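Here the structure comes first, spelled out in structure tokens, and everything after it is commentary.
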There are 2 protein chains.
Amino acid sequence: MFKKKVIIIEDQEDLRDSFELIINGSSSFFVSKTYPDGESAIKEITKSKPDIAMVDLELPGINGIEAISQIKEKSPKTECVIVTVYEDSELVFKGLKAGASGYIIKNANYLEIISALEEITKGGAPMSSQIARMVIQNFHVNPNSPLSSRETEVLKLIAEGKSYTQISEELFISKETARSHIKNIYVKLNVNSKSEAIDRARKDHLI
Amino acid sequence: MFKKKVIIIEDQEDLRDSFELIINGSSSFFVSKTYPDGESAIKEITKSKPDIAMVDLELPGINGIEAISQIKEKSPKTECVIVTVYEDSELVFKGLKAGASGYIIKNANYLEIISALEEITKGGAPMSSQIARMVIQNFHVNPNSPLSSRETEVLKLIAEGKSYTQISEELFISKETARSHIKNIYVKLNVNSKSEAIDRARKDHLI
DNA sequence: TTCTATCTCACGCAATATGGGGGAAAAGAT
DNA sequence: ATCTTTTCCCCCATATTGCGTGAGATAGAA
């Protein structure tokens with residue numbers, strides 16, 4: 001069984017070295033090369049084609065998100081793991097959208113790092129507890145929604161870009177009823193257009 | 001330190017019993033009661049207020065998704081874990097939306113079950129490898145999008161319910177240019193309205 | 001170099017959608 | 001008995017939409 005090829009993109013030399021030591025000490029992975037920035041890694045990515053790239057988010061030059069986008073574009077089979085201290089949800093989601101398959105925090109210990117890499121090769125998605133919870137919560141619908149269930153249904157259709165007429169057809173109600181619901185939604189959410197309503201719905205997880 | 005109160009909702013008697021044994025054998029959790037269906041559990045939920053509910057998806061009467069919705073409504077602090085054989089993404093996402101905080105598969109072993117419960121109490125979100133990967137992939141943007149980057153920007157704004165005018169203002173282009181982009185998007189996606197474009201965008205993960 | 005894709009902008013047109021205002025009736029919950 | 005929810009109706013002025021057609025500039029690919 002072959003060892004999986006790993007690259008590390010990390011600007012802090014000490015971290016780069018310790019990750020390298022840890023990974024090279026494992027029986028399933030080896031570090032083929034480390035890079036202090038995204039540009040130098042991307043330049044070689046089509047030739048190196050690593051199985052896994054561990055990417056820091058705070059990088060000189062292009063940031064980690066952008067680096068992952070380019071890695072996935074040039075070498076789609078390379079699985080990217082974000083390694084960072086940041087745990088704010090915006091950054092997490094941007095990273096995942098860019099194509100990251102996992103997300104571990106920098107102070108992870110030896111075992112956590114190796115098991116994350118193993119998780120990746122098994123087709124999993126390693127995430128720290130907080131990250132996993134963040135991702136899950138992103139799915140949860142706000143239980144304190146001010147909207148009635150019918151209004152929520154209507155709001156969902158608004159978020160799908162449906163017109164008054166389309167909404168009324170899908171819910172088997174008259175166009176005027178759809179309009180009524182929408183008016184009430186606007187009042188409750190304190191907005192006065194579809195796009196504002198969608199904004200609120202997304203931000204407050206109303207749908 | 002108090003043991004956390006767990007309830008089990010599972011129609012198969014053997015599984016119910018073996019989960020109960022496993023959990024009662026742990027030092028941090030105890031099973032206060034088990035239920036063969038959702039209705040009987042929900043009837044008592046406001047009084048029992050368990051810390052954790054393990055819920056099967058295939059239940060006689062109301063299904064697990066609906067059961068979770070009602071549990072979270074009546075006892076929001078109860079953390080729900082879905083326990084099932086199903087692993088199709090639609091069901092996973094419905095469960096998460098309904099308020100589940102974790103998702104484990106039925107053939108999980110002793111350790112996996114206990115560590116899932118511990119993960120939950122730590123504020124994490126236990127998921128099997130496949131589930132985690134599924135959730136992560138849900139974030140990934142299709143790299144084979146037929147749209148140009150500008151068109152993708154426009155499509156995002158369409159999905160936010162923005163009008164031609166609003167889009168042109170946000171992108172600092174003329175209204176006519178926005179219209180041009182939208183026309184091209186429609187041709188490429190083979191649709192002819194905003195709502196259809198949003199449908200495609202969501203289904204094909206174009207945004 | 002030629003061709004293609006992309007991004008930008010323009011005008012006209014008919015049909016539809018939108019947001020605001022008003023009102024009302026029935027069912028159910030609290 | 002009041003409030004909420006759900007259903008439905010009218011009027012109105014303005015904005016939006018989708019379609020057709022056309023075109024200039026730039027940049028990259030064949």
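As the structure is a prediction and not an experimental result, all values here were calculated from the model. Residue numbers begin at 1 in each chain, while the letters A, B, ... track the order of the sequences.
The CD1-C1' distance, from Ile185(B) to dT6(C), rounds to 12 Å in whole Å. The distance from atom CG of Asn184(A) to atom P of dG23(C) is 15 Å, rounded to the nearest whole Å. Straight-line distance from the CG atom of Leu147(B) to the C1' atom of dT6(C): 12 Å, rounded to whole Å. The CD1-P distance, from Ile173(B) to dT6(C), rounds to 15 Å in whole Å. Distance, Ile167(A) CD1 to dC8(D) C1': 16 Å, rounded to whole Å. In this structure, Ile182(A) places its CD1 atom 16 Å from C1' of dG21(C), rounding to the nearest Å. Atom OH in Tyr186(B) sits roughly 14 Å away from atom P in dT16(D) (whole-Å rounding). With rounding to whole Å, Lys194(A) atom NZ is found 17 Å from dA15(D) atom P.
Nearest nucleotide to the side chain of Ser174(B), out of dC9(C), dT5(D), dC11(D): dC9(C). Minimum atom distance to the side chain of Lys188(B) is reached by dT6(C), of the listed dT6(C), dT7(D), dT5(D). Of the candidates dA17(C), dC7(C), dT6(D), dA17(C) carries the atom nearest the Thr165(A) side chain, counting heavy atoms from C-beta on. For Asn192(A), taking side-chain heavy atoms from C-beta onward, the closest of the listed nucleotides dT18(C), dG19(C), dT7(D) is dG19(C). Closest approach to the Glu176(B) side chain among dA17(C), dT16(D), dA10(C) is made by dA10(C) (side chain taken as heavy atoms from C-beta onward). Between dT17(D), dT7(D), dG20(C), one nucleotide has an atom nearer to the side chain of Tyr164(B) than all others, and that is dT17(D).
Contact between the side-chain N/O atoms of Arg179(A) and the OP1/OP2 oxygens of dG19(C) is not found at any separation under 4.0 Å. For Arg150(B), a side-chain nitrogen or oxygen approaches OP1 or OP2 of dT8(C) to under 4.0 Å. The shortest distance between the side-chain N/O atoms of His181(A) and the OP1/OP2 oxygens of dT7(D) is below 4.0 Å. Within the structure, a side-chain polar atom (N or O) of Ser148(B) is placed less than 4.0 Å from OP1 or OP2 of dC7(C). In this model, the phosphate group of dT16(C) is not approached by any side-chain N or O of Lys162(A) to a distance below 4.0 Å at OP1 or OP2.
Looking at heavy-atom distances under 4.0 Å, Lys183(A) makes contact with a base. Counting any heavy atom pair closer than 4.0 Å across all strands shown, Thr177(A) reaches a base atom.
Judged as a side chain to side chain contact (heavy atoms under 4.5 Å, CB included), and not counting sequence neighbours, the contacts of Lys5(B) are Phe30(B), Ser32(B), Pro50(B), Asp51(B).
By the neighbour-count criterion of 12 heavy atoms within 6.0 Å, atom CG of Asp14(A) is densely surrounded, having more than that number from other residues, nucleotides or ligands.
Between Phe139(A) and Phe139(B), the angle of the ring planes goes over 60°, which puts this pair in the perpendicular group of the 30/60° scheme.
Glu66(B) and Gln70(B) share a donor-acceptor pair across their side chains, judged by distance under 3.5 Å alone. For the residue pair Glu44(B) and Tyr35(B), a side-chain donor N or O sits within less than 3.5 Å of a side-chain acceptor on the partner. In summary, the side chains of Thr84(B) and Glu58(B) do present a donor paired with an acceptor at a separation below 3.5 Å, with no hydrogens or angles considered.
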Which letter, B, S or -, goes with each nucleotide of nucleotides 24-30 of chain C from 5' to 3', with contact meaning a protein heavy atom under 4.0 Å?
-------
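Note on residues 54-85 of chain B: no pairs pass ring pair (Phe, Tyr, Trp, His ring centres under 6.0 Å), not counting sequence neighbours.
The residue among Phe172(B) and Ser193(A) whose nearest nucleotide of DNA chain C is located toward the 5' end is Phe172(B).
Note on Asp56(B) versus Arg16(B): no salt bridge recorded, every NZ/NE/NH1/NH2 to OD/OE distance being 4.0 Å or above.
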